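Accompanying notes for the structure given below.
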Number of protein chains: 2
Amino acid sequence: MVGMPEPAPLDPEQLAAYFAVMEVGSLLQHAVEQQLRDEGGLSYIQFQILAVVGESAEGRQRMTDVADRLVHSRSGLTYQVAQLAERGLVAKESSPEDERSVIVALTPQGRELLERVMAGHVEVVRGLFFTPLNDEDVTALGDVLGRVRDHMRTVPPRSAAPRRRRGN
Amino acid sequence: MVGMPEPAPLDPEQLAAYFAVMEVGSLLQHAVEQQLRDEGGLSYIQFQILAVVGESAEGRQRMTDVADRLVHSRSGLTYQVAQLAERGLVAKESSPEDERSVIVALTPQGRELLERVMAGHVEVVRGLFFTPLNDEDVTALGDVLGRVRDHMRTVPPRSAAPRRRRGN
DNA sequence: GTCTTGTGCTTCGAATTCGAAGCAGGTGTA
DNA sequence: TACACCTGCTTCGAATTCGAAGCACAAGAC
């Protein structure tokens with residue numbers, strides 16, 4: 001790594017794209033966070049947890065599987081699931097198959113809150129993110145960024161594999 | 001707000017684009033964060049602060065102006081600038097024009113570290129983000145997301161203006 | 001069986017985050 | 001000058017973050 005030839009700096013177009021992704025992500029998260037806080041007392045991660053769990057047909061997911069869908073530490077997930085459980089939005093159950101696993105299950109209150117909050121969430125995203133875009137833009141974005149995401153999820157972070165589990 | 005007609009949910013293409021932006025932003029930040037930590041003992045925000053200050057010709061910026069470039073709370077900025085100052089990477093000076101202002105100035109060590117770390121930073125971003133993209137993709141991304149960013153920076157977050165200061 | 005290793009989750013401490021409240025300097029108006 | 005109101009930044013406390021270390025169960029080798 002040391003003594004390598006100067007890596008060419010990113011050209012202006014690349015910089016613009018890179019900064020734009022980071023900035024849009026941050027800004028959108030902050031905006032969404034405020035709406036979720038106001039309308040449901042949820043942080044973004046709590047919302048994401050509810051959403052991921054609610055997505056599965058049964059409304060039940062293993063902690064690890066939730067973690068793999070989110071960009072978050074496992075200990076942080078433990079903490080947040082505990083918060084959600086305290087509010088009665090999810091229940092922690094143990095798996096019959098694997099005594100180590102913890103299943104996160106959406107309670108009726110959890111599903112109710114998720115649905116109630118989702119409307120405002122969609123509104124915010126639509127208003128901030130999609131307003132200045134047409135259908136082509138949206139398609140292009142999904143395509144290009146989807147490719148980037150797949151690439152990032154594939155290439156391990158140049159050391160320390162993330163506890164292998166990609167093989168669904 | 002209450003009793004409005006059901007807002008149409010986002011269609012699959014929109015969802016894909018929205019999720020991709022959020023996920024790519026998070027993943028990229030985590031990857032970059034690790035490189036910065038390893039090679040310079042910097043968090044992403046600390047790096048951003050150094051970068052923003054270093055960008056100005058003089059290597060000097062007011063706290064507020066730095067804050068406006070970043071998506072971060074002002075108190076958090078105070079904290080992080082203090083951390084950087086403690087390591088001798090920046091110096092806090094008072095402005096002769098406005099006694100209230102604090103000027104953040106890059107020290108030689110700060111500039112040196114910034115330059116040293118930048119190489120790896122660029123490598124990570126290039127490897128993770130740009131590898132799966134061609135020039136057209138990059139241009140499209142910058143264009144589309146740039147529009148979104150401008151829109152978001154314009155539209156105030158449906159209450160509580162961010163301490164007006166956009167009029168440079 | 002039992003040993004070794006792997007996996008799932010939690011606990012711990014230290015660091016960082018935010019917004020609300022506070023302080024001090026500026027600006028406008030009379 | 002006196003007063004009210006901005007503006008720039010910091011301080012405060014509570015909540016949240018992470019990785020390292022720990023605990024318990026699982027799975028394979030022998």
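Here the structure is a predicted model, which is why all the values come from computation and not from measurement. Proteins get letters first, then strands, A, B, ... in listed order; numbering begins at 1 in each.
Between A:R62 and A:D65 a salt bridge is recorded (basic side-chain N to carboxylate O distance below 4.0 Å).
The CD1-P distance, from A:I45 to C:dC18, rounds to 13 Å in whole Å. If you take CG of B:L70 and P of C:dT17, they are 11 Å apart, rounded to a whole angstrom. Distance CD (B:E97) to P (C:dG25): 17 Å, rounded to an integer number of Å. One atom, CD1 of B:I49, and another, C1' of C:dT17, lie 13 Å apart when rounded to the nearest Å. At whole-Å resolution of the value, CD1 in A:I103 and C1' in D:dC25 are 15 Å apart. Atom NE2 of A:H30 and atom C1' of D:dT16 are 14 Å apart (whole Å). Distance, A:R37 CZ to D:dA14 P: 17 Å, rounded to whole Å. Rounded to whole angstrom, the span from the CD atom of B:E33 across to the P atom of D:dG19 amounts to 9 Å.
Of the two residues near DNA chain D, B:D98 and A:G76, the one whose nearest nucleotide lies more 5' is B:D98. Each of A:M63 and A:R100 has a nearest nucleotide on DNA chain C; the 5'-most of these lies closest to A:R100. Mapping A:P96 and A:S73 onto DNA chain D by nearest heavy atom places A:S73 at the nucleotide closer to the 5' end.
Side-chain proximity of A:Y79 to the nucleotides D:dT10, D:dA15, C:dG26 is greatest for D:dA15. In the set D:dG19, D:dA26, C:dG8, the nucleotide with an atom closest to the side chain of A:E99 is D:dA26. You'll find that the side chain of B:Q80 is closest to C:dT17, out of C:dT17, D:dC25, C:dC18.
Look at B:R74 and you won't find any side-chain N or O under 4.0 angstrom from OP1 or OP2 of C:dC18. Contact check, A:K92 against C:dT10: a side-chain N or O comes under 4.0 Å of OP1 or OP2. Note on A:T78: every side-chain N or O is 4.0 Å or more away from OP1 and OP2 of C:dT11. The shortest distance between the side-chain N/O atoms of B:Q34 and the OP1/OP2 oxygens of D:dG19 is not below 4.0 Å.
Put simply, the side chain of B:R74 never gets that close to the backbone of B:M63: no donor and acceptor are under 3.5 Å apart. A donor-acceptor pair under 3.5 Å links the side-chain atoms of A:S56 to the main chain of A:V53, judged by distance alone. Side-chain atoms of B:T107 come within 3.5 Å of backbone atoms of B:G88 as a donor-acceptor pair (strictly under, hydrogens ignored). Looking only at distances, a side-chain donor or acceptor of A:E33 sits under 3.5 Å from a matching main-chain atom of A:Y44.
Aromatic rings from A:Y18 and B:H121 are positioned such that their centres are separated by under 6.0 Å.
For A:S75 against D:dG19, a side-chain N or O and a base N or O form a donor-acceptor pair under 3.5 Å.
B:L77 comes within 4.0 angstrom of no nucleic acid atom, judged by non-hydrogen atoms across all strands. A:S101 comes within contact range of the sugar-phosphate backbone alone, with a heavy-atom separation under 4.0 Å but no base atom that close.
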